[in-house]
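First the structure, in the form of structure tokens, and then the observations on it.
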Amino acid sequence: MKRLVTAILTFVMTLSTFGMTAFADDSKAAEQPNTQKVSTEKTNAVDTRSVKSTKNVRDLVYLKKTSYAWYNYVGDGGYNPTVVEDVLDNIAYTTAGKDADFDIDAYATTMIRTSKGKTITDPDKELTPGKYSLVIKADAPYTGTVEFSFEVRPFKVTAKNLYTNTSAISYRYTGKNICPKFTYVAVEWFDVKKGHDYTITNYKYKNNKKYGTATVTATFVFKGDFTGTVTCTQKFYVAPQKAVLKRAKAGKKSVKVKWSKSKDASGYRISIHNAKGNLVKTRMIKGKKKTSCTIKGLKRHKTYYVTVNPYRKVKGKKAYGYYGKVEQRDFRTK
């Protein structure tokens with residue numbers, strides 16, 4: 001009897017232990033969904049970090065601009081960078097490059113390659129207009145080489161940056177058409193050459209036969225390192241024959257000036273300037289026959305210089321001739 005009771009108690013305790021174990025397992029099973037959710041979130045985080053692990057430079061950088069102006073830009077603070085510097089400043093990092101903390105200065109070598117295969121590594125080297133490529137070669141621990149194509153555009157010439165001039169601003173009246181050509185041409189700070197950098201076409205003139213103001217107009221077509229077509233108009237003067245300044249004889253507070261006669265002049269303008277170039281006295285002489293005059297009212301012991309311009313009256317206005325072979329004479333009052 002005692003053995004039977006002992007067997008029954010042992011069986012009951014075994015069942016109780018099994019039930020408690022099953023309950024504990026059920027409790028863990030009930031908590032399992034939350035554990036799986038957290039695990040999923042961690043897996044996504046690992047996937048994001050896997051982007052950072054890329055090592056190929058092709059995935060890390062790109063070039064923001066593929067077209068650059070030649071000498072036609074201003075950097076921050078008025079600093080003018082070279083095209084090479086401008087290109088290097090336009091290298092940008094992709095999202096992968098930012099996540100990987102990629103530093104191109106520390107982990108890559110950059111160079112510029114011309115269309116003919118020549119390599120340029122000097123950032124101070126100025127690139128002329130043409131086709132180029134930027135080559136970026138990664139250093140350890142990164143790998144790969146990437147190449148970006150870009151162009152340097154020709155300098156744009158406009159009426160604002162084109163400077164022109166004829167051989168003179170005043171030409172002697174001849175009774176025939178006077179047709180000066182443009183002999184001085186400059187673009188900003190560039191020295192440009194006719195034929196190589198530009199051509200001139202369509203010369204046109206207006207009022208270039210009579211005394212007075214005339215104009216010359218021409219079209220400039222640029223090529224090579226420059227681009228643009230600009231039409232320029234410039235004034236010049238058809239004036240009487242030049243007068244030669246012969247003598248300037250100084251007195252205490254005066255000077256006596258003598259000059260040669262201009263055959264077609266209506267009169268003369270005598271100008272006195274001080275040593276600094278400032279105009280201090282002017283005398284207008286009517287008629288072409290008078291060829292001397294005395295100018296008073298100057299200061300003693302001072303240095304001056306004198307110029308003589310013949311003029312011709314045209315419709316009530318004076319057309320001044322240019323200076324003669326002797327443009328000015330210096331003198332010092334006594």
Side-chain angles (χ1 to χ4, degrees), residues 65-75 78-90 111-134 149-172 174 176-209 213-239 242 321-323 325 327:
K65 287 171 54 179
T66 58
S67 182
Y68 299 84
W70 183 52
Y71 281 113
N72 200 19
Y73 46 83
V74 177
Y79 167 67
N80 286 325
T82 63
V83 175
V84 175
E85 290 174 320
D86 202 7
V87 171
L88 297 179
D89 286 342
N90 275 278
M111 64 186 73
I112 303 295
R113 185 175 293 160
T114 69
S115 58
K116 295 182 179 180
K118 183 180 178 180
T119 300
I120 300 171
T121 57
D122 182 4
D124 295 328
K125 174 71 175 179
E126 190 54 74
L127 303 183
T128 56
K131 302 288 185 180
Y132 298 88
S133 59
L134 168 67
S149 298
F150 68 92
E151 67 170 351
V152 180
R153 303 189 305 273
F155 187 91
K156 179 66 175 178
V157 182
T158 67
K160 292 183 178 181
N161 57 34
L162 175 62
Y163 306 97
T164 61
N165 212 336
T166 55
S167 58
I169 61 173
S170 182
Y171 298 86
R172 183 188 172 187
T174 62
K176 300 179 181 180
N177 289 326
I178 298 174
C179 304
K181 303 290 185 181
F182 286 101
T183 56
Y184 173 79
V185 180
V187 178
E188 286 287 355
W189 54 85
F190 298 106
D191 291 327
V192 291
K193 294 182 179 180
K194 184 178 179 180
H196 182 270
D197 299 311
Y198 69 92
T199 58
I200 307 178
T201 60
N202 301 327
Y203 269 105
K204 295 180 181 179
Y205 300 90
K206 189 176 181 180
N207 302 325
N208 62 325
K209 186 175 181 179
T213 303
T215 59
V216 53
T217 300
T219 300
F220 295 79
V221 181
F222 288 86
K223 58 184 179 178
D225 292 343
F226 303 87
T227 183
T229 300
V230 184
T231 299
C232 291
T233 298
Q234 184 173 313
K235 293 181 180 180
F236 65 94
Y237 302 95
V238 180
K242 298 174 182 179
Y322 203 54
Y323 304 119
K325 291 182 179 179
E327 293 187 0

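If you read the sequence from its start, that first residue is 1, and numbering goes on from there.
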Whether over 12 other heavy atoms sit under 6.0 Å from K131 NZ: no
Chi angles and distances behind the side-chain contact (heavy atoms from CB on, under 4.5 Å) call for V83, Y132: CA-CA 11 Å; V83 175; Y132 298 88; over 6 Å; no
Contact summary for T164 and F182, nearest pair of heavy atoms: OG1-CE2, 3.5 Å
CZ on R113 to NZ on K118, rounded to 0.5 Å: 14.0 Å
Atom NZ of K116: over 12 foreign heavy atoms under 6.0 Å: no
N208 side-chain N/O to V238 backbone N/O, donor-acceptor pair under 3.5 Å: no
Minimum heavy-atom distance V152-F150, with the two atoms named: CG2-CE1, 4.2 Å
Any side-chain heavy-atom pair of I112 and L134 under 4.5 Å: yes
Other residues, nucleotides, ligands: >12 heavy atoms within 6.0 Å of D191 CG: no
Main-chain N/O of Y184 paired with Y163 side-chain donor or acceptor, under 3.5 Å: no
Side-chain heavy-atom pair N207, T215 within 4.5 angstrom cut-off: no
Flag side-chain contact, heavy atom, 4.5 Å: F236 against I178: yes
Close side-chain approach of F220 to V157, heavy-atom, < 4.5 Å: no
Sub-4.5 Å side-chain heavy-atom contact between L127 and V84: yes
Shortest non-hydrogen separation from P154 to P129 and the atoms involved: CA-CG, 3.6 Å
K156 side chain reached by F222 side chain, heavy atoms, under 4.5 Å: no
Side chain to side chain, P180 and Y205, heavy atoms closer than 4.5 Å: yes
is_close_aromatic(Y198, F226), centroid dist under 6.0 Å: no
Nearest atoms (heavy-atom pairs only) where I200 meets A218: CG2-CB, 3.7 Å
Sequence neighbours excluded, every pair satisfying side-chain hydrogen bond (donor to acceptor under 3.5 Å, both in side chains) that has a member inside residues 219-236: N165-Q234, T166-Q234, T217-T233, T219-T231
Close side-chain approach of E151 and T66, heavy atoms under 4.5 Å: no
Nearest heavy atoms of T183 and S167, plus distance in Å: OG1-N, 3.3 Å
Check: T158 main-chain N/O paired with N161 side-chain donor or acceptor under 3.5 Å: yes
